[in-house]
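In what follows, every chain begins at residue 1, and chains take the letters A, B, ... in the order their sequences are listed. Small disclaimer: the values here were computed from a predicted structure and weren't measured.
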Amino acid sequence: MKRIVALVDLDAFYAQVEELRNPKLKGKAVIVCMYSARGKGSGAVATANYEARKLGVRSGMPIIYAKRKAKNAVFLPADRDYYWKVSARVMDILQTYSDLFEQVSIDEAYLDLSQTNSFTAAERLAKKMKSEILQKEKLTCSIGIGPNKLVAKIAAGVKKPNGLVTVPEDAVPSFLKPLSVGKLYGVGPKTEGLLASLNMRSVKQLKTMSLAHLQKLVGSAKGSMLYNGARGKDDRPVQPGRQKQQVSRLTTMKKDTSSFNSLAETVASLSTLVHDTVSAQKITFQTVSLIVMSNKMEQISRSHSLTEPTTAKKAIQDTVTALLKTFLAERPDFQVRRIGVRVSGLEHAIPDSRKPATNGQRTLRTFRKPS
DNA sequence: CTTCGGCTGACGG
DNA sequence: CTAACGCCGTCAGCCGAAG
């Protein structure tokens, strides 16, 4: 049976939620920010609404750039706990449309709609989703429908905000052909630059490269992903019930420092945050990591695996403090800008008889070679 | 040979 | 005046050690 996949993407989600909380923001440029502890507006833009985007503001942009582009915009600190609550309600709605539902972030989810048996029926369902989300939560979203995740995702981005774009199987080649390679999932600035140096800028041009050549260039996994992606092929299934692989908390120090006492204090409170998260979700962990970043982008991690899975806060605390001590002994000159604590090797408490997502049987995470 | 722990880097939201 | 820049999470690839 042919697959039909939809990607639902809530438009400028953080900003939209803020506009709901405070209707006076309607019509204004709204920029939701992640501020660091440095003060003076240090931080990055999480989400800008469409008014702000018209002025050139983008996610990930330093706040101070955004201020220059949108002098009179409303700048708000991100309130992610609240956005997650709203997100959960939207996801509960979406989940009723397919058992094969996969939330991929706070504002995006894939649904396998193969049961509808036709792209037109899937599109009718998507319209229902949009109106139910609008009616119940007053939120707009953009939906892309295609024969796989790759096409659905790109389609969702074509008509934003409040869009609905369907690309049936036979329309895929002409849909992809004119796109720049950067539109393909997994092609970021580095890969795009590498391809551009070979004058491979469009999907059409990318199609002229052999599988072997691409794999030599960017590695075997990404190579086949590019090769297949250029041809609109993508076997990744919509995976319900995926479990988290790691939990981390990071923070920016007020000032760069190499002081053990000051860093140990920070690491202790981060350990508490990590522990709060995993214990609330009934997760055990077996590996603890310390992450440090210098003022010049250099990121270093040090980790230690425990002999047993545990839930103990002390295990996080003690391990990460020891890792910090060792690291500072190795690199006494290292000026820490940001620091973080991570746990991995997670085991989730099993709800009922549900099997964990990692029980083998289906591990098609990579793209397939074409026959 | 495969697997695992440990680490880095690219990427997405 | 200039340079300036969060907080998560996923996966692949590499290395050396171990099975």
Original post:
To the nearest angstrom, how far is Glu330(A) atom CD from dC7(B) atom P?
Top reply: 9 Å

Original post:
Between dA4(C), dG5(B), dG6(C), which one does the side chain of Ser305(A) approach most closely?
Top reply: dG5(B)

**OP:** For the side chain of Ser301(A), starting at C-beta, report the closest nucleotide among dC7(B), dG6(C), dC8(C).
**Re:** dC7(B)

**OP:** From the options dC8(C), dG6(C), dG12(B), select the nucleotide whose nearest atom is closest to the side chain of Met34(A).
**Re:** dG6(C)

Original post:
Among dC11(C), dT8(B), dG6(C), which is the nearest nucleotide to the side chain of Arg242(A)?
Top reply: dC11(C)

**OP:** Starting at atom CE of Met297(A), determine the distance to atom P of dA4(C), rounded to an integer number of angstrom.
**Re:** 12 Å

**OP:** For Val187(A), report the nucleic acid contact type (base, sugar-phosphate, nothing); a contact means any heavy atom under 4.0 Å.
**Re:** sugar-phosphate

**OP:** Could you check which of dA4(C), dG6(C), dG9(C) has an atom nearest any side-chain atom of Gln246(A)?
**Re:** dG9(C)

Original post:
Within less than 4.0 Å of OP1 or OP2 of dC11(B), is there a side-chain N or O belonging to Thr191(A)?
Top reply: yes

Original post:
Minimum heavy-atom separation for Lys160(A) to Asp9(A), with atom names?
Top reply: NZ-OD2, 2.9 Å

**OP:** From the options dG6(C), dA4(C), dC11(B), select the nucleotide whose nearest atom is closest to the side chain of Pro189(A).
**Re:** dC11(B)

Original post:
Taking atom P of dA4(C) as reference, at what distance in whole Å does atom CZ of Arg58(A) sit?
Top reply: 22 Å

Subject >> Worked check of side chain to side chain donor-acceptor pair (under 3.5 Å) between Ser344(A) and Gln245(A) >> reply: CA-CA 6 Å; Ser344(A) 52; Gln245(A) 308 291 309; over 6 Å; no

Subject >> Lys190(A) side chain, from C-beta outward: closest of dG6(C), dC11(B), dA4(C) >> reply: dC11(B)

Original post:
How is Tyr65(A) classified with respect to the nucleic acid when contacts are heavy atoms under 4.0 Å: base, sugar-phosphate, or nothing?
Top reply: base

Original post:
Given that Met61(A) and Ser248(A) both sit by DNA chain C, which one's nearest nucleotide is further toward the 5' end?
Top reply: Met61(A)

Original post:
Are any of the side-chain nitrogens in Arg302(A) or Glu330(A) under 4.0 Å away from the carboxylate oxygens of its partner?
Top reply: yes

**OP:** May I have the distance from Ile339(A) (atom CD1) to dC8(C) (atom P), rounded to whole angstrom?
**Re:** 14 Å

Subject >> Residues Lys28(A) and Glu19(A) bridged, charged N to O under 4.0 Å >> reply: no

Original post:
If you check every side-chain atom of Leu250(A), which of dG6(C), dC8(C), dG12(B) has the closest atom?
Top reply: dC8(C)

Original post:
Quick one: is Arg80(A) getting a side-chain N or O under 4.0 Å of the dC8(C) phosphate, OP1 or OP2?
Top reply: yes

**OP:** Before giving the answer on side chain to side chain donor-acceptor pair (under 3.5 Å), spell out for Arg249(A) and Thr277(A) the whole-Å C-alpha distance, their side-chain angles and the decisive distance to 0.1 Å.
**Re:** CA-CA 10 Å; Arg249(A) 290 295 178 268; Thr277(A) 303; 3.0 Å; yes

Subject >> Distance below 4.0 Å between Thr252(A) side-chain N/O and dC7(C) OP1 or OP2 >> reply: yes

**OP:** Would you classify Ser289(A) as touching base, sugar-phosphate or nothing, given that sugar-phosphate means primed atoms plus P, OP1 and OP2, and contacts are heavy atoms under 4.0 Å?
**Re:** nothing

Original post:
Base, sugar-phosphate alone, or nothing: which one does Arg38(A) contact when heavy atoms must sit under 4.0 Å apart?
Top reply: nothing

Subject >> Rounded interatomic separation in angstrom, taking CE from Met253(A) and C1' from dC5(C) >> reply: 18 Å

Subject >> Residue pair Gly186(A) / Lys222(A): nearest heavy atoms and the distance that separates them >> reply: O-NZ, 3.1 Å

Original post:
Quick one: Gln243(A) CD to dG9(C) C1', roughly how many Å, whole number?
Top reply: 15 Å

**OP:** Scan Ile106(A) against the nucleic acid and name what it touches under 4.0 Å (heavy atoms): base, sugar-phosphate only, or nothing.
**Re:** nothing

**OP:** Select base, sugar-phosphate, or nothing to describe what Val45(A) touches, counting heavy atoms under 4.0 Å on all strands.
**Re:** nothing

**OP:** Could you tell me whether the side chains of Tyr110(A) and Gln239(A) share a donor-acceptor contact shorter than 3.5 Å?
**Re:** no

Subject >> Pair Ser294(A), Gln335(A): side-chain N/O donor-acceptor within cut-off below 3.5 Å >> reply: no

**OP:** Starting from P on dG5(B), measure out to CZ on Arg302(A) and report it in whole angstrom.
**Re:** 18 Å

**OP:** May I have the distance from Gln299(A) (atom CD) to dG6(C) (atom C1'), rounded to whole angstrom?
**Re:** 12 Å

**OP:** Starting at the 5' end of nucleotides 13-19 of chain C, put B wherever the base has a protein heavy atom under 4.0 Å, S where only the sugar-phosphate does, and a dash everywhere else.
**Re:** S------

**OP:** Name the nucleic acid region contacted by Arg249(A), choosing base, sugar-phosphate or nothing; use a 4.0 angstrom heavy-atom cut-off, strictly under.
**Re:** sugar-phosphate

**OP:** Check every atom of dC7(B), dA4(C), dC11(C) against the side chain of Gln245(A) and return the nucleotide holding the closest atom.
**Re:** dC11(C)

Subject >> Contact summary for Ala46(A) and Met34(A), nearest pair of heavy atoms >> reply: CB-CG, 4.0 Å

**OP:** Please give the nucleotide sitting opposite dG6(C) as a Watson-Crick or G-U wobble pair, both distances under 3.5 Å, or none.
**Re:** none

**OP:** Please state whether the phosphate of dG6(C), meaning OP1 or OP2, lies under 4.0 angstrom from any side-chain nitrogen or oxygen of Ser36(A).
**Re:** yes

